[in-house]
*Asks:* 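Would you mind keeping the following structure in view while I ask a few things?
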Amino acid sequence: MQKEEPENRFDSADLNDCVQCGECASVCPRHRFDQRFNPRKWMSRLRNVDGQHLLHDRSLWACMKCYRCADICRRSLSPAEELMKMRRLVMARKAYQDEATRHAQTFVNDIRTTGKLNEAFLPLRTLRLKLYKLLPLTLRMIQKGKMPPMRVENVEQMASLKAVFRHFE
Amino acid sequence: MKYVFFPGCAAEATVKEALVTSKKLFEAMGVDVQGETAFSCCGARVLDEVNFDLNLAVNARNFAIAQKKGRAILTLCNTCYLSMQYARQQLDSRPELVARINAVLAPHDLVYHGGVVIDHLVSLFDEEKQRAVLQVVGRPRFEGQRVLPFYGCHNLRPHHLVGGSRMVETLNAVLQMGGAQIVPSSVRCDCCGFHTILADGDGTLPILRECLDDAGAKGVDFIVTPCPLCHINLDLYQKESKTDYSIGVLHLSQFALAVMGYSADKLGVNRHLSKVRLSS
């Protein structure tokens, strides 16, 4: 069980430092292809602490974590990290469930169970019925012997990992 | 430097050829590296989208395991590299959290002492004398080949965490020793989009396509990448991206072994989905 609010202030980053210069948006590859995702606008909107309405904007998950925004920001902010904080809120509050949240939850579940990701089942658990989109790729992978193993062995010293989950999840 | 190997989940599964060739590379270079079966996933910067402190605790456990062996961590995955460097920086600035984590780890004979050392495979080639292993008699394997180095975002950024520039220099030096002509990507085309390819394939594939089209338009013969996750996108998803080109993508370890003279069948390139045109 999480002991603290998801928005841990792990850095001294203050959203009010953002001057809305827009450099983050200008270097963002996702924004270039889809203007609905705008890191500059997110930085402005995230200042609204009671961001209940923001919880449901799915463009939250469009960020590819390339960190061009973090490197270019002259105020030492990281829009990518700020978006992650909001995602933690979405996950903590179970605001909705879709491919993106299922993807994140599958990581947690896999690591808790065996310590490693089960890549064979990750697409199914993320996409569910929409897995049909990956069918041609999956067939080619099977043909080439590239399918990851269906079963993932537990890592050694699993007891210490379970203890970590008991105390911090 | 004595290392313990952290291949990451992808290299143990979908891109197993990266794991196998990396081990051959360590042997060829005489790197002192041990395996470790207790390592868990690094969290991949997805675990901390769910629970920030849990991610740090999971990483602290991995660090404690390495420190118990008195070894530094050697990883071949960019995201593992960033994830661990990030965790290290956070943990080393939050002693009260480390104390809480160590209280949980102590009954299991594990403790994180702080200051874990984490290196990426690329850095094995940092020094000229380390690159000497790539020196061959006669013509270098990739002479005349146009090669695009795909460094991978998480080896470059955020700069203060992963110290970008050495990665670029070293990878370029390795490619040059192989005789390759380096073709740089456009500055806009350096992210493969791996982290959203599953949950948002439709939105990501055009971005991946741009990377591949950029390489193809420049007449690139190969892409070489140190990151297994970039490899998954560039190779596995190449056809899905609908790029007009067909470009072979090599892991850094495969490239290095090829330069040293290993034949194509020893490199695991038959596992790739996109054709690699390599002389035997």
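When reading the values below, keep in mind they use all heavy atoms of this one structure, side chains included, and skip hydrogens, waters and symmetry mates. A note on names: the letters A, B, ... follow the listed sequences, proteins ahead of strands, and every chain is numbered from 1. A quick note: this is a predicted structure, and the numbers were derived from the prediction, not measured.
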*Asks:* Between B:Asp200 and A:Trp61 (side chain of the first, backbone of the second, donor and acceptor by atom type, cut-off under 3.5 Å), is there such a pair?
*Replies:* no
*Asks:* If you tally heavy-atom pairs under 4.5 Å against chain B, which of A:Leu137, A:Thr126, A:Leu117 wins?
*Replies:* A:Leu137
*Asks:* So does B:Glu12 pair up with A:Lys116, basic N to acidic O under 4.0 Å?
*Replies:* yes
*Asks:* Report yes or no: does B:Arg157 contribute a side-chain atom to a donor-acceptor pair with the main-chain N or O of A:Cys66 at less than 3.5 Å?
*Replies:* yes
*Asks:* Can you list the steps and then say if B:Phe39 with A:Leu161 is a side-chain contact (heavy atoms from CB on, under 4.5 Å)?
*Replies:* CA-CA 10 Å; B:Phe39 280 146; A:Leu161 188 61; over 6 Å; no
*Asks:* Quick check: does any side chain N or O of A:Lys65 sit under 3.5 Å from a backbone N or O of B:Arg45, one acting as donor and the other as acceptor?
*Replies:* yes
*Asks:* Checking B:Asp48 against chain A: side chain, backbone, both or neither under 4.5 Å from a heavy atom?
*Replies:* both
*Asks:* Got a salt bridge between A:Arg68 and B:Asp190, using NZ or NE/NH1/NH2 to carboxylate O under 4.0 Å?
*Replies:* yes
*Asks:* Just wondering, are more than 12 heavy atoms of other shown residues or ligands nearer than 6.0 Å to NZ in B:Lys16?
*Replies:* no
*Asks:* If you count heavy-atom pairs within less than 4.5 Å of chain A, which of B:Glu210, B:His195, B:His154 leads?
*Replies:* B:Glu210
*Asks:* Please look at B:Ile207 and chain A and tell me whether the side chain, the backbone, both or neither of the residue comes under 4.5 angstrom of a heavy atom of that chain.
*Replies:* both
*Asks:* Centre-to-centre under 6.0 Å for B:His159 and A:Tyr67, is that the case here?
*Replies:* no
*Asks:* B:Val50 and A:Arg88: which non-hydrogen atoms are nearest, and at how many Å?
*Replies:* N-CG, 4.1 Å
*Asks:* Indicate yes or no for a side-chain donor-acceptor contact from B:Arg271 to the backbone of A:Lys144 under 3.5 Å, with no hydrogens or angles considered.
*Replies:* no
*Asks:* Should we say atom CG of A:Leu129 is surrounded by more than 12 heavy atoms from elsewhere, each under 6.0 Å from it?
*Replies:* no
*Asks:* Kindly say whether B:Thr14 contributes a backbone atom to a donor-acceptor pair with the side chain of A:Glu119 at under 3.5 angstrom?
*Replies:* yes
*Asks:* Using a cut-off of under 4.5 Å for heavy-atom pairs, which of B:His160, B:His272, B:Arg188 has the most such pairs with chain A?
*Replies:* B:Arg188
